[in-house]
Amino acid sequence: MRIGMLTGGGDCPGLNAVIRAAVRKGIWHHGDEFIGFMEGWRGVLDDRTMPLDLETTSGILQKGGTILRSSRTNVKKVEGGFERCVAVLKSHKLDALIAMGGDDTQSISVELSKRGVNCVGVPKTIDNDLSGTDACFGFDTAVTIATEAVDRLHSTTEAHSRVQVVEVMGRDAGWIAITAGIAGGADVTLVPEVPIDIDEVVRLLKARWESGKRFAIVVVSEGAKMPHIQGQVALGDKLDAFGHVRLSGIGQMLSEEIERRTGYETRSVNLGHTQRGGTPTAFDRMLATRYGVAAIDLVHAGRFGRLVVLKGSEISDIPLEDAIAKTRTVGEDLLEVLRGLQPPVKQL
Ligand code: F6P
């Protein structure tokens, strides 16, 4: 078969591992030919490609980023965009297209499937917020980086008797914050699923100071909601092609508020794209490789319009539509774990 591949949306560690696994299984076990579209859907629209074979995909397993590059190109926003995509894909005589991406990228796969393109999706995002799968590759690496940052910040924060606020990514889902917060032993963890209660944050910090521990780490998700602020804290009001603002700044805003209300010296750090960079963890390499092999198997089973997913410890697949239907957010079970780790602090 002739199979196209692309990576769309924010990059994440593990994309190259998917590409490598799919190409190996496809070439060695099915005699497939591959073609890579550059920069996500932009490469399909502009017909910009690179050859994907055993040579070009060699030595990329442990590399972050994506050899296919990425972009947040939204075909829906391009006049005649879908027709152009279909024509380009046809001109390459493709039997199938494997798109790696989150909900935005897969929403284009859904539209192309309706127009007769044989699409298979692979769930990718450090935010871990795609429904229908228990895990997206890239998340484990992002959380590992964030947890290490929290670990490192402990010593300097303690040395200076400060409060250190750590802003992490995740958009509308608090998976990175709650996982790095719990794994890193943060004193306060704030996620988009629960509106921030500044009084409660202040009570928790004061209780910690009173217990003799005169430093604290606060992990806050970029998408968490500050009281008295409409919506989320963003850098300007520019939207990307899928209508998302650039979330950033809640950490600094929160740290100023904490310092004002407690008198404790407070600093903030925004981990930003550090969380998306560098080599994938062994877990992400493994998950990405399993997804890559599963995607090729789906193609050869003729099961199109589907997304490979992880359910428990098993790889399976679901309709693409189900994955983009709603954002998977942090559940009550994990929030309860978080509450269990915090001391009960009385309302003043
Ligand atoms: O969706 C992944 C993600 O890293 C989000 O956590 C973050 O809000 C966004 O992408 C940042 O996007 P960009 O790289 O376009 O600034």
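Just so you know, ligand 1 is whichever comes first in the structure, and atom 1 is the first atom listed for that ligand.
With a 6.0 Å radius and a threshold of 12 heavy atoms from other residues, nucleotides or ligands, Arg214 has its CZ atom at or below the threshold.
One finds a salt bridge joining Arg261 and Glu257 here, because a Lys/Arg side-chain nitrogen approaches an Asp/Glu carboxylate oxygen to under 4.0 Å. Under a 4.0 Å N-O distance rule, the pair Lys311/Glu314 does not qualify as a salt bridge. A salt bridge does not link Asp95 with Arg2: every distance from a Lys NZ or Arg NE/NH1/NH2 to an Asp or Glu carboxylate oxygen is 4.0 Å or more.
Checked against the 6.0 Å centroid threshold, His92 and Phe37 count as a close aromatic pair.
Applying the salt bridge (Lys or Arg N to Asp or Glu O under 4.0 Å) definition to pairs two or more places apart or across chains, those involving residues 153-175 are Arg162-Glu265.
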Report each N/O pair between ligand 1 and the protein that falls under 3.5 Å, naming both atoms.
residue: ligand 1; atom: 1 (O); partner: Asp127; partner atom: OD2; Å: 2.7
residue: ligand 1; atom: 4 (O); partner: Arg276; partner atom: NH1; Å: 2.8
residue: ligand 1; atom: 6 (O); partner: Asp127; partner atom: OD1; Å: 2.7
residue: ligand 1; atom: 6 (O); partner: Gly170; partner atom: N; Å: 3.1
residue: ligand 1; atom: 6 (O); partner: Glu222; partner atom: OE2; Å: 3.3
residue: ligand 1; atom: 8 (O); partner: Glu222; partner atom: OE1; Å: 3.4
residue: ligand 1; atom: 8 (O); partner: Glu222; partner atom: OE2; Å: 2.5
residue: ligand 1; atom: 10 (O); partner: Arg72; partner atom: NH2; Å: 3.0
residue: ligand 1; atom: 10 (O); partner: Arg276; partner atom: NH1; Å: 3.1
residue: ligand 1; atom: 12 (O); partner: Arg72; partner atom: NH2; Å: 2.8
residue: ligand 1; atom: 14 (O); partner: His273; partner atom: NE2; Å: 2.9
residue: ligand 1; atom: 14 (O); partner: Arg276; partner atom: NH1; Å: 3.0
residue: ligand 1; atom: 14 (O); partner: Arg276; partner atom: NH2; Å: 2.8
residue: ligand 1; atom: 15 (O); partner: Arg72; partner atom: NE; Å: 3.0
residue: ligand 1; atom: 15 (O); partner: Arg72; partner atom: NH2; Å: 3.3
residue: ligand 1; atom: 16 (O); partner: His273; partner atom: NE2; Å: 3.2

